[in-house]
Amino acid sequence: MTRATPGKLLDSPWVLHSICCLLALTCCLPILWPDILPPSLRPQLSPHIGTILLSAFITSAVLMLISAVRFCLRLRNGRAVAQLCAWGLQWGIATLIFMQLAIEADVPSPYDTAHAQPIQQSGTLHNPIDKLNGPASLTIPIEPDPGNCQQLAPAPNLIKLETEHEELLSDYLNQSPRWAFAAKDDTFYTKPGHVVLVLPATGGIPGTVHANFRTIMEGEPLPDGFVRITPGSTFPPSEGTTNELPDLAVELSGKHYLLLAWRGAKHLETACRAINAALTAIDKRLQPLAENPTPEVCQRLCKGKASLLGTGPELRVCEPTTQYGIYQAEIYANPGRAGTMLLVIRDIEQGNILRLFSFPAQYSDKPDELFRHDISGATDSWLRDLNISKAATLFPEGAPFFAIKEGASHHYFGVTFEVQFSPTGSDGAVTETLLRRNYRVQAYENQRNK
């Protein structure tokens, strides 16, 4: 009788398989609904639930193999195949029951969904040529002049301001976020903060014009490597046999000089046309001040357009052309009430805050009026994070550009830009997230040894 019982069980093991399936499903219940276990038993039972479930499956599988081998040895191959199919059917039904239980339990995904929006692989940042509208943008698009490339273009507005309203021109250059924070050394074109004028892309950009204003008093030497030239005069000859245009110091009939440096294709005609287009573009932007030389117009040029029409908040982040590792950002938003806007920049992988900017919110009762909020490199003094403090000291206070974190240039990593609003009176306890964007960015190269 004792021998007959195991034999019967092996001839019809579906009962044992059903018991194992029920045991496995029972172990799944506290996994799907952890609260069904009493708190006092959770520390003792939780570590063993997975072991019991796996043991039930392995036990059932071993029984199925023993039963199938037993039938094969007795030359009953059909029964052996039937045993295998019956076992698969029972565990398949158990799996379907588990899936339905998991749906009912609404189990969260095991994958991290905190940053579900992927890092953009192309067009990671806005094109600064057509996206930044404020007066702080360091990238200006230009169109090459198809006309004369033998002489430097005229600059009537610049010359008028220099000769008739020199103090007003000085005020503009000292206050304009576009011009006031450029490096004052001879190699300004290798430093962040200067204006870059970019030709339209036609199968690849042939080059760029780097621009900066410099005060040079009478008797002082020109910056090293620059050649003096006046608007309307003939371009200087190329240096040696290189067919390159030398760097130009455009004299405006006074102490102000406009330094223009072409960097790109070694083609004299291309360089001359680009320089003329750059000088014309800069001169045209000062036309309103030349026609109406008043402090009010000067302030309007420095502040730019305050708002635009839109249906929701916008964030525009750009890396100025050829100035790798620094960034400019404009936020267009209208929270509809007084408060503080915040821009929080976090490392996607670590989640730690890399930079934090706060500034008063501009608002009105017109929901479609989006106010421009510029992000400067200054950081609030109450921040004590080491990385933030180091990044904050890289550039002058008020500079319209910023670095993000320490690291090496050209080593890109993912960051999240989050725009938040905190209403007046909440003391920061209440914040509303207006939008969130992910970008691939790189560190400013001068941070390598900090």
Side-chain angles (χ1 to χ4, degrees), residues 1-122 124 346-352 413-416 418 433 436-438 440:
M1 184 67 181
T2 306
R3 294 180 182 178
T5 301
K8 291 181 179 179
L9 292 176
L10 292 175
D11 287 341
S12 301
W14 62 270
V15 176
L16 297 176
H17 295 325
S18 299
I19 294 174
C20 291
C21 288
L22 289 174
L23 181 60
L25 289 173
T26 303
C27 291
C28 289
L29 294 179
I31 297 176
L32 298 175
W33 290 281
D35 294 337
I36 65 175
L37 290 177
S40 59
L41 295 179
R42 289 176 193 172
Q44 291 78 19
L45 296 180
S46 295
H48 306 294
I49 290 177
T51 303
I52 297 174
L53 191 155
L54 182 61
S55 299
F57 176 79
I58 293 176
T59 300
S60 177
V62 170
L63 286 174
M64 180 272 299
L65 290 174
I66 294 175
S67 178
V69 170
R70 185 168 180 270
F71 280 114
C72 287
L73 293 175
R74 296 167 63 182
L75 301 179
R76 301 174 66 180
N77 296 335
R79 290 291 300 274
V81 173
Q83 292 292 327
L84 179 61
C85 293
W87 179 84
L89 179 62
Q90 286 180 277
W91 279 99
I93 294 173
T95 302
L96 292 175
I97 295 174
F98 169 77
M99 293 174 62
Q100 186 61 39
L101 292 174
I103 293 173
E104 295 296 329
D106 193 20
V107 179
S109 170
Y111 300 101
D112 182 16
T113 58
H115 303 286
Q117 185 179 13
I119 303 174
Q120 294 90 331
Q121 297 300 320
S122 61
T124 57
R346 289 188 175 91
D347 188 305
I348 285 183
E349 291 188 1
Q350 304 297 327
N352 55 304
F413 60 98
V415 297
T416 296
E418 188 171 277
T433 299
R436 183 185 295 109
R437 296 289 184 270
N438 295 341
R440 292 176 67 242

Considering all heavy atoms, the nearest Arg346-Gly351 contact |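 Taking Arg346 first and Gly351 second, the nearest heavy atoms are CD-O, 3.6 Å.
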Where do Ser55 and Thr51 land on the side-chain contact (heavy atoms from CB on, under 4.5 Å) test, with the steps shown first?
-> CA-CA 6 Å; Ser55 299; Thr51 303; 4.2 Å; yes
Could you state the interatomic distance from CG (Leu53) to SG (Cys28), rounded to the nearest 0.5 Å?
->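 With rounding to 0.5 Å, CG (Leu53) is 4.5 Å from SG (Cys28).
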Quick one: list whatever passes side-chain hydrogen bond (donor to acceptor under 3.5 Å, both in side chains) with Thr433, sequence neighbours left out.
->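 Partners of Thr433 under the side-chain hydrogen bond (donor to acceptor under 3.5 Å, both in side chains) test: none.
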In chain order, what residues pass the side-chain hydrogen bond (donor to acceptor under 3.5 Å, both in side chains) check against Gln100, with sequence neighbours excluded?
->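 Residues passing side-chain hydrogen bond (donor to acceptor under 3.5 Å, both in side chains) with Gln100: Glu104.
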Taking side chain to side chain contact (heavy atoms under 4.5 Å, CB included) as the test, write out the residues that go with [X], two or more places apart.
X	answer
Leu84	Met64
Thr59	Cys20, Leu63
Ile52	Leu23, Cys27

4.5 Å side-chain heavy-atom contact, Thr416 and Arg437 |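 No, too far: nothing below the 4.5 Å cut-off.
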For a quick test of your reading: what N or O donor-acceptor pairs under 3.5 Å do the side chains of residues 91-98 make, sequence neighbours left out?
{"from": "Trp91", "atom 1": "NE1", "to": "Ser60", "atom 2": "OG", "distance (Å)": "2.9"}
{"from": "Thr95", "atom 1": "OG1", "to": "Trp91", "atom 2": "O", "distance (Å)": "2.8"}

May I ask you to decide if the ring planes of Trp87 and His17 are parallel, tilted or perpendicular, using 30° and 60° as cut-offs?
->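 The rings of Trp87 and His17 stand perpendicular, inter-plane angle above 60°.
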